[in-house]
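Beneath this line is the structure, given in structure tokens, with notes to follow.
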Amino acid sequence: MGSCCSSLLPGDHQPATAPAAAEQQNNHLHSNHQKQQRRSFSVEAGEGGGGGEVTAFAEFSLAELKAATNGFSAENIVSESGDKAPNLVYKGRLQNRRWIAVKKFTRTAWPDPKQFAEEAWGVGKLRHRRLANLIGYCCEGDERLLVAEYMPNDTLAKHLFHWENQSIGWAMRLRVSFCIAEALEYCSNEGHPLYHDLNAYRVLFDEDGDPRLSCFGLMKNSRDGKSYSTNLAYTPPEYLRNGRVTPESVIFSFGTVLLDLLSGKRIPPTHTPSYVMLGIQKHEEAPATPQHPLSPMGEACSRMDLTAIHQILVMTHYKDDEGTNELSFQEWTQQMRDILEARRRGDFAFRDKDFKTAIECYSQFIDVGTMVSPTVYARRSLCHLMCDHHDAALRDAMQAQCVYPDWPTAFYMQAAALAKLNMQSDAVDMLQEASMLEEKRQKGGKGS
């Protein structure tokens, strides 16, 4: 059935053997597993879990999930952003007539099937009446999928933001906030304190209209945990600084959901300019010129000249990436060819101003995670700016800074993205910081 379950199931203990023998034994177990009924384990509901039926966590075959979702039909997509979401979620129905939600990851998000399976089994042990529980997973070939209980009554976001004539009453809003807190407390007490992308789209309503927290947020969107797919307004400050979700990040994100419940507004006020909340018009302005003299890159960013920025990034190529990757010979021979080919395709598309294709190719390169390139992040950031994906552009520029903390280009790209987000004061600060870094490098630091 799956390609990685049989060697990971609880209770499967193998004696210590040589690596080759262990691999042969795993293959034998996997072959036998395909002939057996799906193996699973049952868990008791957690504290406050109620007395309802507890679904066993199990491995599903790809064929089962294809059949359940009508071949992963576009009509079955229930993701927040439809087929534009980075990881799609489908509505499906099993042969036993049970409705399920299936999250399908990008092919490069989890290259190691064992790591994906271990993460899934860990989350699959959680059971609580305030969770839309994880009931299974699949990893066959390159496919990585999670299977959860299906919640038929939409998301908190839809009830708050999209159905003005069906506004949620204060009593239900209070219940939602309490139920989310209850779910997060249970998960934390069970050793899962991190929740990724906590926002109003993660809160679902079951058949009885009770709020539940999606289990999908308990799994990272990729093996490195650095992807954050929601609106920038929900992004915790800790993530913006270092690209990592922490327990404190969950508290911040919970606060933004509370703001959603209190205000009924999509974007928390802390990230919204005052003129937007007042409903007044403001023309987009280029950030003011900082005190320090600017390089051509700085001048292009201060003018918001994206074409000039593109030309500079093309000419600079990858000379600023030196020293950011140290790979073993084995990694070069076994993993580099495919991801370098993806980057090469991205470079050609970037040069030819095919920015959507460049985003796809660079994303393949980044998602594998074997190599980390600040230049790729900077180039994808500009691609997002060209496609009016300003939040994504800022996130990529910040990731470039995480990889190379003193790289002026990372700060310049952040300045451009902040200006597009109408955060002019922050954009000026970023320009100033970048120009200071360039001046420092010219006095004896690493060449630009």
Side-chain angles (χ1 to χ4, degrees), residues 1-5 33-40 53 55-111 113 116-117 119-121 123-124 131-159 162-163 197 200-209 212-222 227 229-230 356 360 363-364 367:
M1 186 172 294
S3 63
C4 53
C5 177
H33 175 66
Q34 291 186 343
K35 302 175 184 179
Q36 298 171 354
Q37 183 179 2
R38 180 191 303 125
R39 302 181 67 178
S40 61
E53 179 184 355
T55 304
F57 182 84
E59 183 185 23
F60 289 83
S61 71
L62 184 59
E64 285 179 287
L65 299 184
K66 280 185 176 180
T69 59
N70 194 23
F72 299 109
S73 168
E75 296 179 355
N76 287 50
I77 295 175
V78 293
S79 306
E80 165 192 345
S81 303
D83 59 3
K84 296 181 180 179
N87 298 304
L88 300 180
V89 178
Y90 296 84
K91 174 183 177 181
R93 199 170 192 180
L94 299 172
Q95 289 184 346
N96 62 7
R97 312 300 292 170
R98 182 189 183 115
W99 289 101
I100 57 173
V102 181
K103 181 172 182 178
K104 192 171 190 287
F105 291 89
T106 59
R107 292 180 181 274
T108 55
W110 292 90
F116 178 77
E119 293 268 353
W121 281 98
V123 175
L131 288 175
N133 295 291
L134 190 68
I135 63 174
Y137 80 108
C138 170
C139 56
E140 287 189 20
D142 293 331
E143 298 294 342
R144 307 287 182 264
L145 304 105
L146 296 177
V147 184
E149 297 174 313
Y150 178 71
M151 301 291 110
N153 285 310
D154 287 304
T155 66
L156 175 62
K158 287 191 176 180
H159 286 279
H162 301 303
W163 297 336
D197 286 4
Y201 288 95
R202 294 289 197 184
V203 181
L204 313 170
F205 293 92
D206 63 19
E207 60 274 8
D208 297 321
R212 302 229 209 156
L213 187 62
S214 170
C215 64
F216 290 151
L218 295 165
M219 282 276 292
K220 298 177 292 187
N221 281 330
S222 61
S227 55
S229 61
T230 61
K356 289 185 178 180
E360 294 176 0
S363 296
Q364 293 175 15
D367 288 344

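Because the structure is a prediction, the values reported are computed rather than measured.
Rounding to the nearest 0.5 Å gives a distance of 8.0 Å between SG of Cys215 and CD of Glu149. Taking CG of Leu218 as the start and CZ of Arg202 as the end, the distance is 9.0 Å to the nearest 0.5 Å. To the nearest 0.5 Å, atoms CD (Gln95) and CZ (Arg97) are separated by 10.0 Å. Summarising the geometry, atom CG belonging to Asp197 is positioned 13.5 Å from atom CE belonging to Met219; distances are rounded to the nearest 0.5 Å. Distance CG/Leu145 to NZ/Lys66: 10.0 Å, rounded to 0.5 Å. Expressed to the nearest 0.5 Å, how far NZ of Lys356 lies from CD of Glu360 amounts to 9.5 Å.
Minimum heavy-atom separation, Ser214 to Leu204: CB-CD1, 4.0 Å. Taking all atoms of both residues into account, the shortest heavy-atom contact from Met151 to Phe205 is CB-O, 3.4 Å. Of all heavy-atom pairs spanning Asn76 and Ala68, the tightest one is ND2-O, 4.3 Å. Across all their heavy atoms, Val147 and Phe60 have their closest contact at CG2-CD1, 3.9 Å. The two atoms that bring Ala148 and Ala132 nearest to each other are CB-O, 4.4 Å, heavy atoms only. Nearest heavy atoms, Asn96 versus Arg98: OD1-N, 3.0 Å.
Residue Glu75 qualifies as open at atom CD: its count of foreign heavy atoms under 6.0 Å is 12 or below.
Lys103 is linked by a side-chain hydrogen bond (donor to acceptor under 3.5 Å, both in side chains) to Asn221, counting only residues two or more places apart in sequence or in another chain. By the ring-ring contact (aromatic ring centres under 6.0 Å, His included) test, Phe72 is found to be paired with Tyr90, residues two or more places apart in sequence or in another chain being considered. Residues passing the ring-ring contact (aromatic ring centres under 6.0 Å, His included) test with Phe216, sequence neighbours excluded: none.
Proximity of a side-chain donor or acceptor of Arg144 to a complementary backbone N or O of Gly141 within less than 3.5 Å is detected. Between the side chain of Glu143 and the backbone N or O of Glu140, no donor-acceptor pair lies under 3.5 Å. Of the possible polar contacts, one joining the Asn153 side chain to the Asp206 backbone as a donor-acceptor pair under 3.5 Å is found.
For the pair Ile100 and Leu65, the minimum side-chain heavy-atom distance is below 4.5 Å.
Classification of the Trp99-Tyr150 ring pair by plane angle, with boundaries at 30° and 60°, yields tilted. Classification of the Phe116-Tyr137 ring pair by plane angle, with boundaries at 30° and 60°, yields tilted.
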Point to revise | Test side-chain contact (heavy atoms from CB on, under 4.5 Å) applied to Thr69 and Lys104, step by step | key: CA-CA 11 Å; Thr69 59; Lys104 192 171 190 287; over 6 Å; no

